[in-house]
Protein chains: 2
Amino acid sequence: MKKRTPNLAEQTDGHGYLVHIAYDSVVFGFSGEKLKILVMEYHNTRLFALPGGFVGIHENLNDAVRRGLKERTGLSDIYLEQCYVFGDVKRHKPEILKAILQANGYKPKKDHWLLDRFISVAYYALINYELVTPRPDALSDSCEWYDLDVLPELILDHASIVQKALETLRKNLDEQIVGMNLLPEKFTMKDLQQVYEAILDEPIHRTNFQRKMLGSGLLVRHAKQYSGKAHKAPYLYSFSGKKK
Amino acid sequence: MKKRTPNLAEQTDGHGYLVHIAYDSVVFGFSGEKLKILVMEYHNTRLFALPGGFVGIHENLNDAVRRGLKERTGLSDIYLEQCYVFGDVKRHKPEILKAILQANGYKPKKDHWLLDRFISVAYYALINYELVTPRPDALSDSCEWYDLDVLPELILDHASIVQKALETLRKNLDEQIVGMNLLPEKFTMKDLQQVYEAILDEPIHRTNFQRKMLGSGLLVRHAKQYSGKAHKAPYLYSFSGKKK
DNA sequence: TATTATTGTACCAAATTGAGACAATAATAT
DNA sequence: ATATTATTGTCTCAATTTGGTACAATAATA
């Protein structure tokens, strides 16, 4: 039996969702040697935001985030980490939410729960770019990949959230099997290195990186991949560990 | 002008505080070669809990935590870090809150906001044990230091919160100037080593630790401290960096 | 003056890291 | 075929960091 999730804009209070609590997610993908994140644009507003949402009254916080990611990416087994809670009063900008609702044809009353102050739990997710067709939700025109270095201006404190997510990702880089979640099943050593370079935003010495990765014992080597280019073909690798 | 903070138990709804949102803090102190944390016991209940609280409607989340710590420790400039948000449904145990309120002479109605589900933002704090006289709040008999290895049984998921705080502290140990916050202004190298050993719960090689700490460039050496014992007197040190 | 417990420094070996050399190789050009 | 080109995988060597011991210095006591 599937639980019905309430329609956001029609509600006049937070019934169905916990009031004052939201989440925002920084969904990282990797393609074309660059790190990208998902950004949504609301209907007719030129307002850009991170994919976020609310927590059902009988729903685990983490599950709420997974539900939101499933809706936007179609993926249900996603690598997910909390990174920070943004809880300052000054992030409360009811006029922005109001504009979004109005652009969608709703006339929220002054005490509409969405116009209240929210504390947002920030997450980051790592997903395989190739597996995703981003889908907008009811309030948004689009949900698309943006290069990290050419993000549009984001509403509220979402730029800080991206920054915090990136910092946390970098901090966790050595302990987490990042490549496994951002790359397809099989990949070359160069692919993996480019992921690390994109995240750290600095070049990495090739042979030392190779030594480190092979030495970790996490990689399984497969057949070579012939690209058709005029040079030695690289091996393909996959991760031997279990997906988190 | 000081803002009035509402009286918790008298409220019949969350006016004054954000509903559904709480924080819990793991307050670390160091004394007698051991790591300790503050634990509160509620009146007449034998229920033990971490110092926690709620967020005023017009209050920053971080400020709410600082306010709570100020009330219980008297300190206002405390080293504080978020570590995790506990947001599972199963942490909702209204009967425990009810028991606490009843033991204090309140008869909460069924829909009392404190009996609702809460998401809790966990923090850890590092403070100088010597500067603190723990103070209980209105609902609790005591607020006292407990050795980490002999904690009483804690309510709800507070044991997990302690665990998470400890993990986070360990993870941050190298980047954060932990000693500065847990030790008095001046301390010996042995004091500092004992702090690290208490946090990591494993012995550290003395001379390598000394080399690492002196090499960090963060320590300033002062006069020797004569203990009256029959051996060479150690230097006193202090940290040269700014707090936090 | 010898003894004891600690502390500060020096030193050596092992492990890790940074940087480059070089052979192997998959295509293309000759 | 053979030379050329770009890239990959492996090695090697030096520099740095880390783990561990040796030892002298020293503040009290016996």
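In what follows, every chain begins at residue 1, and chains take the letters A, B, ... in the order their sequences are listed. In what follows, every heavy atom counts, from backbone to side chain, and hydrogens, waters and symmetry copies are set aside.
Listed by first and then second residue, the salt bridge (charged side-chain N to carboxylate O under 4.0 Å, His left out) pairs that reach into residues 152-168 of chain A are A:R91-A:D157, sequence neighbours excluded. Residue pairs satisfying the salt bridge (charged side-chain N to carboxylate O under 4.0 Å, His left out) criterion with at least one member in residues 198-217 of chain A, sequence neighbours excluded, are listed as follows: A:D174-A:K212.
The residue among A:H205 and B:Q210 whose nearest nucleotide of DNA chain C lies closer to the 5′ end is B:Q210.
Partners of A:Y42 under the ring pair (Phe, Tyr, Trp, His ring centres under 6.0 Å) rule, at least two apart in sequence or in another chain, do not exist in this structure. In this structure A:F239 satisfies the ring pair (Phe, Tyr, Trp, His ring centres under 6.0 Å) test together with A:F187, sequence neighbours excluded. Every residue two or more places apart in sequence or in another chain was checked for a ring pair (Phe, Tyr, Trp, His ring centres under 6.0 Å) with B:Y146, and none qualifies. Residues meeting the ring pair (Phe, Tyr, Trp, His ring centres under 6.0 Å) test with A:Y129, sequence neighbours left out: A:W145.
Distance alone, capped at 3.5 Å, is enough to place a donor-acceptor pair between the B:T73 side chain and the B:L69 backbone. Side-chain atoms of A:N60 come within 3.5 Å of backbone N or O of B:V89 as a donor-acceptor pair. Under a 3.5 Å cut-off, the side chain of A:S142 and the backbone N or O of A:E144 do not form any donor-acceptor pair.
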Q: Determine which bases of DNA chain D form Watson-Crick or G-U wobble pairs with both distances under 3.5 Å, and write the result as a 5' to 3' dot-bracket string with | for other-strand partners.
A: ||||||||||||||||||||||||||||||

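Considering all non-hydrogen atoms of both residues, A:I21 and A:F54 come closest at O-CD2, 3.6 Å. Residues A:A64 and A:Y23 approach most closely at O-OH, 3.6 Å, considering heavy atoms. Across all their heavy atoms, B:S238 and B:H222 have their closest contact at OG-NE2, 2.6 Å.
A side-chain hydrogen bond (donor to acceptor under 3.5 Å, both in side chains) with A:Y124 holds for exactly one of A:N172, A:T168, A:D24; it is A:N172.
A 4.5 Å side-chain heavy-atom check between B:I78 and B:V65 finds every atom pair outside the cut-off. Residues B:Y237 and B:L214 meet the side-chain proximity criterion, which asks for heavy atoms closer than 4.5 Å. A:C143 is listed as a side-chain neighbour of A:L38, based on a closest heavy-atom distance under 4.5 Å.
For the segment residues 195-203 of chain A, the set of residues with a heavy atom within less than 4.0 Å of an atom of DNA chain C is empty. Applying a 4.0 Å cut-off to non-hydrogen atoms, none of the residues of residues 184-193 of chain B approaches DNA chain D. Near-neighbour residues of DNA chain C inside residues 213-227 of chain B, defined by a heavy atom below 4.0 Å, number-ordered: B:L214, B:R221.
Reading DNA chain D from its 5' end, the first and the last nucleotide to sit under 4.0 Å from a heavy atom of chain A are D:dT5 to D:dT12.
A ring-centre distance under 6.0 Å is not found for B:F28 and B:F30.
For a distance-only test at 3.5 Å, the side chain of A:R206 fails to qualify as a donor-acceptor partner of the base of C:dG18.
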Q) Which letters describe nucleotides 12-17 of chain C, given B = protein heavy atom under 4.0 Å from base, S = only from sugar-phosphate, - = neither? A) -----B

